[in-house]
Amino acid sequence: MVNIEEVITNLITKYNKGIKLEKIIECCNKKEKDEVLRIIKTLELNGKIYITDNEKCILFPDEYKIGELYCNHKGNRFVLYNKMPFYVSQEEFNSALDFDIVVFEPNFQTRQASIKKILERKNNKIVCEVTSKGNKKILSSINTPGKITVIINENELNNFVCGDRLVVEIEKTSFLDCTKGKIIKKIGHKDDLDIDEITIANSKGFNTDFNEEYLKELDSLPKKVTYKDFKNRLDLTQKEIFTIDGIYTKDIDDAVSLEILKNGNYLLGVHIADVSHYIKPGSIIFNEAYERGTSVYLGSSVNPMFHHLISNGICSLNPDENRLAKTVFMEINSKGDIVNYKIERSVICSKKKMNYTDVNKIINDGIIPEGYEKYTPTLLKMSELSNIITNKRLNNGYVEFASNEIKTVTDNHNNAIGFMKESHGPSEKIIENFMIYANETITTHYAYFDVPFIYRIHGIPDFDKVVQTAELVSQLGYKIGNLKDIDSPKVLQEILKEFREKEEFPIISSLFLRSMDRAKYSTNNIGHFALGSDYYTHFTSPIRRLSDLIIHTLIDIYDYEDLNIINYDTLEERLNKAANHASYKELQEEKAEEELNKLRMAQYMSNFIGETFIGRIYEIYPDEMMIGLDQNVYGIVPLEFIEKNNLKFYSYNRSLIGNTSGYLLGNKVEVKVISVSIPNKKIYFSIEKNLSINGKPKIKSLSKQKKPI
């Protein structure tokens with residue numbers, strides 16, 4: 001039998017100047033055209049051959065590499081090669097989008113990259129705005145790394161007016177800053193209310209409406225719990241169960257209860273909305289939830305994973321309404337050990353919808369808001385148990401990083417008036433601790449039976465990256481001790497604990513966080529490093545997250561179906577695909593939130609052009625610096641805005657050093673707002689003064705650095 005792959009590689013090797021794609025197909029077998037094209041695509045993805053702009057096939061150039069374009073939490077793009085990040089400037093995207101698999105040319109000295117070609121798109125739908133050029137209408141992309149002009153049939157554009165926002169499907173691969181596409185739908189006009197939120201959600205691949213088939217299936221779902229639903233369920237409707245959430249939360253998927261047993265132990269109940277009872281795999285509603293992957297919270301609005309009749313209705317644990325739940329009871333001793341547990345299908349009736357603010361008043365200040373009187377003893381006991389759990393988690397190695405979640409404060413017209421970091425009081429800690437214990441209990445239970453499962457995993461940090469981060473921190477004037485046992489989370493925990501009261505703690509925490517791989521979903525359990533947990537999953541938010549919905553579905557399968565008819569190999573394969581998809585959609589959700597924050601920051605700072613602020617250098621790149629203001633606003637300083645003074649960029653410790661001055665990560669600086677680009681969500685600063693140093697900074701271990709650029 002002819003080996004098509006071998007035939008292709010031999011042909012390309014023979015014609016060292018390249019061979020046309022159609023010629024290869026002719027030499028193989030025209031009847032096998034689809035198979036030949038598939039193999040060629042695979043060979044290119046594996047870096048064995050390269051298809052040029054004029055569709056010639058050549059051997060893959062030595063100077064090119066293959067990687068994935070990704071965006072960090074401050075909006076800068078990189079591609080990875082052998083775990084080494086290469087910075088991609090605005091001019092070098094060549095129509096690539098986040099998560100695209102690309103061919104790029106790396107510069108190992110400057111750690112920069114130029115993207116040459118897109119091999120595979122993760123999301124080929126973008127949002128474009130109809131604009132005009134001369135007397136012609138054109139489509140220009142929004143929320144893409146670089147501007148992409150989409151080539152579309154001009155007659156189609158005549159159906160739209162300038163300012164219309166459209167979802168457009170673009171070619172899976174392209175070579176230049178323009179690409180062919182087709183219009184999928186109109187999502188609104190640039191002047192519409194909430195168009196920013198709708199645009200950002202769609203640009204990250206999230207649907208913002210539900211189709212007719214979905215709504216028809218939705219009509220068939222029950223609107224309330226009936227007495228028939230109590231069959232084979234534990235009736236907990238008379239128990240003291242309540243919810244604690246944000247003031248404006250409407251999609252409530254977790255409730256809690258607590259009793260003190262005769263032996264003095266705590267009986268903690270975590271009650272989670274039984275969404276999988278209503279939403280079954282293969283249904284239109286399940287498939288749509290799978291595609292969305294998560295709810296997206298954008299400012300004061302939410303783009304839900306489920307229609308509000310589900311998320312705020314039959315599945316939401318609203319007060320004084322019977323709701324179906326999956327309950328985890330955990331008996332916990334005074335040391336925080338779970339000595340016994342039980343997993344039940346139940347019916348609950350929440351007695352009160354509490355909010356974090358009110359509960360914090362009770363625990364912190366002894367102030368009891370109206371309506372909380374009879375629940376106060378339970379809440380105080382919950383706080384007591386939460387403190388025990390916190391100590392237990394710390395003993396296990398839980399690593400607590402500084403909060404980097406930024407919340408936009410808005411006025412009554414949804415205009416940004418400030419930015420604050422999310423704070424976590426004792427009530428938030430109660431829910432966090434209780435949910436973590438429930439997640440660990442569920443995971444440990446099913447891991448014992450060794451069945452296919454989705455885990456939430458977080459790997460051990462790379463030793464070299466942590467050492468390099470420690471070097472960066474040392475430049476702030478702090479010494480870090482022994483790092484030999486970094487595979488134990490307690491080492492990193494102690495490092496962060498030492499710096500927690502320092503003013504540089506947010507940037508030190510950020511540096512260490514960036515030295516680690518991010519948490520993700522996987523069917524292969526390696527534990528969760530940052531939580532210090534051997535077995536972890538997400539079970540407690542099935543209204544908001546696909547991963548949790550799947551875990552609930554698996555519980556239904558393993559506990560209530562005939563295990564002999566399950567094809568475990570097929571199930572494992574499907575779960576692996578779902579885990580990867582859930583990880584990707586989680587990333588997209590985070591990027592959507594960051595996009596909106598950056599937009600709100602740009603809009604807000606446009607009122608302060610020419611004014612000065614105090615901030616810190618959070619990152620230094622070859623062509624710009626990232627500055628974080630004390631007001632929790634982030635912007636950039638292009639290097640052309642800095643008095644050069646022979647400044648040279650050192651990639652080893654990400655510093656700029658000149659003859660008499662320089663800049664290091666963490667330096668406190670005074671900056672001036674020079675300009676703001678609201679469409680590009682960019683704030684441009686100039687540095688007025690480096691407040692951390694006088695003259696040229698002294699850099700330790702400079703001899704170890706690579707040569708400067």
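What you see below is based on every heavy atom in this structure, not just the backbone, and it leaves out hydrogens, waters and symmetry mates.
A salt bridge (Lys or Arg N to Asp or Glu O under 4.0 Å) with Arg393 is found for one member of Glu400, Glu440, Glu432 and no other, namely Glu432. When the options Glu589, Glu594, Glu593 are evaluated for a salt bridge (Lys or Arg N to Asp or Glu O under 4.0 Å) with Lys591, the one that passes is Glu594. Exactly one of Ile126, Ile187, Asn207 qualifies for a side chain to side chain contact (heavy atoms under 4.5 Å, CB included) with Val167. That residue is Ile187.
Shown here are the ring pair (Phe, Tyr, Trp, His ring centres under 6.0 Å) partners of Phe78, two or more places apart in sequence or in another chain: Tyr70, Tyr87, Tyr621. Taking the side-chain contact (heavy atoms from CB on, under 4.5 Å) definition, one finds that Pro489 meets it with Val399, Phe529, sequence neighbours left out. Residues that satisfy the ring pair (Phe, Tyr, Trp, His ring centres under 6.0 Å) test with His581, not counting sequence neighbours, are Tyr290. For Thr570, the side-chain contact (heavy atoms from CB on, under 4.5 Å) partners are Asn567, Arg574, not counting sequence neighbours. Residues satisfying the side chain to side chain donor-acceptor pair (under 3.5 Å) criterion with Ser276, sequence neighbours excluded, are Asp274, Lys326, Asp556. Judged as a ring pair (Phe, Tyr, Trp, His ring centres under 6.0 Å), and not counting sequence neighbours, the contacts of Tyr521 are His538. Residues that satisfy the side chain to side chain donor-acceptor pair (under 3.5 Å) test with Ser515, not counting sequence neighbours, are absent from this structure. Among residues two or more places apart in sequence or in another chain, the salt bridge (charged side-chain N to carboxylate O under 4.0 Å, His left out) test is passed with Lys681 by Glu595. By the ring pair (Phe, Tyr, Trp, His ring centres under 6.0 Å) test, Phe449 is found to be paired with His445, residues two or more places apart in sequence or in another chain being considered. Applying the side-chain contact (heavy atoms from CB on, under 4.5 Å) test to Leu571 and every residue at least two apart in sequence or in another chain returns Pro452, Leu554, Tyr558, Ile566, Leu575.
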Show the numbers, then the answer: is there a salt bridge (charged side-chain N to carboxylate O under 4.0 Å, His left out) between Glu619 and Arg514?
CA-CA 11 Å; Glu619 189 54 275; Arg514 281 183 274 163; 2.6 Å; yes
For Tyr634 and Tyr618, run ring-ring contact (aromatic ring centres under 6.0 Å, His included): C-alpha distance rounded to whole Å, both residues' side-chain angles, the deciding distance at 0.1 Å, then the answer.
CA-CA 9 Å; Tyr634 294 87; Tyr618 266 71; 5.4 Å; yes
Applying ring-ring contact (aromatic ring centres under 6.0 Å, His included), run through Tyr448 and Tyr446 and close with a yes or a no.
CA-CA 5 Å; Tyr448 174 82; Tyr446 289 98; over 10 Å; no
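Crowding of Lys497 atom NZ: a count of heavy atoms from other residues, nucleotides or ligands under 6.0 Å not exceeding 12.
The line from CE of Met305 to CG of Asp548 is 7.5 Å long, rounded to the nearest 0.5 Å. Of the inter-residue distances, the one linking Ile252 atom CD1 with Cys315 atom SG reads 12.5 Å to the nearest 0.5 angstrom.
Using a cut-off of 4.0 Å between Lys/Arg side-chain N and Asp/Glu carboxylate O, Lys353 and Glu321 are scored as not salt-bridged.
A donor-acceptor pair under 3.5 Å is formed between the side chain of Lys223 and the backbone N or O of Leu221. No donor-acceptor distance shorter than 3.5 angstrom exists from the side chain of Ser283 to the backbone of Ile279, with no hydrogens or angles considered. Distance alone, capped at 3.5 Å, is enough to place a donor-acceptor pair between the Thr469 side chain and the Lys465 backbone.
You'll find the side chain of Ile457 stays beyond 4.5 Å of the side chain of His528, heavy atoms only.
Within the structure, no pair that satisfies the salt bridge (Lys or Arg N to Asp or Glu O under 4.0 Å) test touches residues 523-532, not counting sequence neighbours. For residues 445-456, every residue pair satisfying the salt bridge (Lys or Arg N to Asp or Glu O under 4.0 Å) rule, not counting sequence neighbours, is listed here: Arg456-Glu586.
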